[in-house]
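Accompanying notes for the structure given below.
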Amino acid sequence: MKPRLTKGSRLVVATHNPGKAREIAALLGGDFEVLSADQAGVPEPEETESTFIGNAVLKARHAALTSGQPALADDSGLSVRSLAGQPGIYSARWAGPTKDFSVAMARVEQELAGATDRSAFFTCALAVAWPDGSAFAVEGIVEGDLVFPPRGTRGFGYDPIFVPRGGRETFGEMDPLAKEAISHRTRAFAQLRAALID
């Protein structure tokens, strides 16, 4: 039987991305005493797995073992069908050492030159790990299409070029609550909450 997370307990969120940390804290809805990786003194591990779930588990285990607390990690990214699923697990790396996503979005646009299929999807893998090394992971996906030039200043990462299927606004233009209602992260969280949270 897998361990569960008890409301009110301490949970380390294994990210150094402030935008991602804010989204995760909002999705947890005040149910936990949340510590960021920075607050818990957890350095970023090297992401050596080949899948979103593999990297999420790696990061969660690293944070749980380093901090001695249960840890939640997210690995997420944009996969573009015309680019054979790239940038995928390398989504953050396409932004370069300064994590400048305007560089990453420009690269996606450049690589897509001449392609008629602009379909893409965001994936969010969430993993919870405990200090004993046990872990549990889920994955959520949202489909959409890419637009250029980027639109909107809300959100983070590739949000300004991604229009969710059936929508008109990019994630970068959408009200944060509207984005949260349909996002890949929300879909993964719904699965995680059903499985692990009292």
Side-chain angles (χ1 to χ4, degrees), residues 1-79 88-89 91-92 121-144 155-159 162 164-165 171 174 176-198:
M1 189 172 129
K2 61 182 172 285
R4 291 176 66 82
L5 294 172
T6 306
K7 289 182 181 179
S9 62
R10 183 173 283 185
L11 185 64
V12 174
V13 176
T15 182
H16 291 262
N17 178 325
K20 192 179 283 189
R22 279 193 301 273
E23 275 200 7
I24 290 174
L27 286 163
L28 288 168
D31 288 340
F32 298 91
E33 182 190 341
V34 174
L35 290 178
S36 69
D38 289 331
Q39 291 169 321
V42 176
E44 282 189 272
E46 188 179 352
E47 296 177 24
T48 53
E49 296 294 323
S50 59
T51 64
F52 289 113
I53 281 191
N55 279 323
V57 169
L58 179 154
K59 289 189 281 190
R61 280 200 174 122
H62 170 76
L65 293 169
T66 304
S67 68
Q69 304 283 343
L72 169 67
D74 148 298
D75 197 56
S76 53
L78 178 72
S79 300
I89 62 167
S91 291
F121 56 95
F122 273 123
T123 301
C124 171
L126 289 174
V128 174
W130 289 264
D132 67 0
S134 59
F136 176 79
V138 294
E139 196 169 68
I141 287 172
V142 62
E143 297 276 354
F156 58 94
Y158 296 91
D159 285 356
F162 184 84
R165 190 65 41 82
F171 270 179
M174 287 174 75
L177 290 176
K179 175 194 169 185
E180 189 182 302
I182 61 166
S183 80
H184 47 305
R185 195 161 284 116
T186 299
R187 291 174 181 186
F189 254 96
Q191 297 175 57
L192 191 78
R193 190 174 283 279
L196 293 185
I197 298 175
D198 294 329

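Being a predicted model, the structure only gives us computed values, none of them experimental.
A tilted orientation is assigned to the rings of Phe162 and Phe171, their planes being inclined by 30° to 60°.
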ask   = For His62 and Val42, what are the C-alpha separation, side-chain angles and deciding distance, and is it a side-chain contact (heavy atoms from CB on, under 4.5 Å)?
value = CA-CA 8 Å; His62 170 76; Val42 176; 3.7 Å; yes

task = Could you please spell out the steps behind the side-chain contact (heavy atoms from CB on, under 4.5 Å) verdict for Glu49 and Val57?
result = CA-CA 9 Å; Glu49 296 294 323; Val57 169; over 6 Å; no

request  = Walk me through it: do Leu27 and Arg185 pass the test side-chain contact (heavy atoms from CB on, under 4.5 Å)?
outcome  = CA-CA 9 Å; Leu27 286 163; Arg185 195 161 284 116; 3.6 Å; yes

task = Please lay out, stage by stage, how Val13 and Phe32 fare under the test side-chain contact (heavy atoms from CB on, under 4.5 Å).
result = CA-CA 11 Å; Val13 176; Phe32 298 91; over 6 Å; no

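A donor-acceptor pair is defined here as one N or O able to donate and one able to accept, closer than 3.5 Å; such a pair exists between the side chain of Lys59 and the backbone of Asp74. Not a single donor-acceptor pair under 3.5 Å links the side chain of Arg61 to the backbone N or O of Ala129. Counting only distance, with no hydrogens or angles, the side chain of Arg165 and the backbone of Val142 share no donor-acceptor pair below 3.5 Å. Using modelled atom types, no side-chain atom of Asp31 and backbone atom of Lys7 make a donor-acceptor pair closer than 3.5 Å.
The CZ atom of Phe136 sits 8.0 Å away from the CH2 atom of Trp130 when rounded to the nearest 0.5 Å. With values rounded to the nearest 0.5 angstrom, Ile24 atom CD1 is found 7.0 Å from Cys124 atom SG. Atom CD of residue Glu143 and atom OG1 of residue Thr123 lie 8.5 Å apart, to the nearest 0.5 angstrom.
Taking each heavy atom of Ile89 and Thr51 in turn, the nearest pair found is CG2-C, 3.7 Å. Listed here is the closest heavy atom pair of Ala56 and Ala125: CB-O, 3.7 Å. The two residues Ala188 and Gly140 have their closest heavy-atom pair at CB-N, 3.7 Å. Of all the heavy atoms in Gly41 and Thr66, the pair that sits closest is O-CG2, 4.1 Å. Across every non-hydrogen atom of Ala71 and Ala63, the tightest pair is CB-CB, 3.6 Å. Closest of all the heavy-atom pairs between Thr48 and Asn55 is N-OD1, 3.5 Å.
Residues Ser134 and Asp132 have side chains that bring a donor and an acceptor to within less than 3.5 angstrom of each other.
You'll find the side chain of Met174 reaches within 4.5 Å of the side chain of Pro164, heavy atoms only. Using a 4.5 Å cut-off on side-chain heavy atoms (C-beta onward), Ile141 and Arg187 make no contact. Leu72 has its side chain within reach of Leu192: a pair of non-hydrogen atoms, C-beta onward, lies under 4.5 Å apart.
Every residue was checked against the ring-ring contact (aromatic ring centres under 6.0 Å, His included) condition with Phe189, not counting sequence neighbours, and none meets it.
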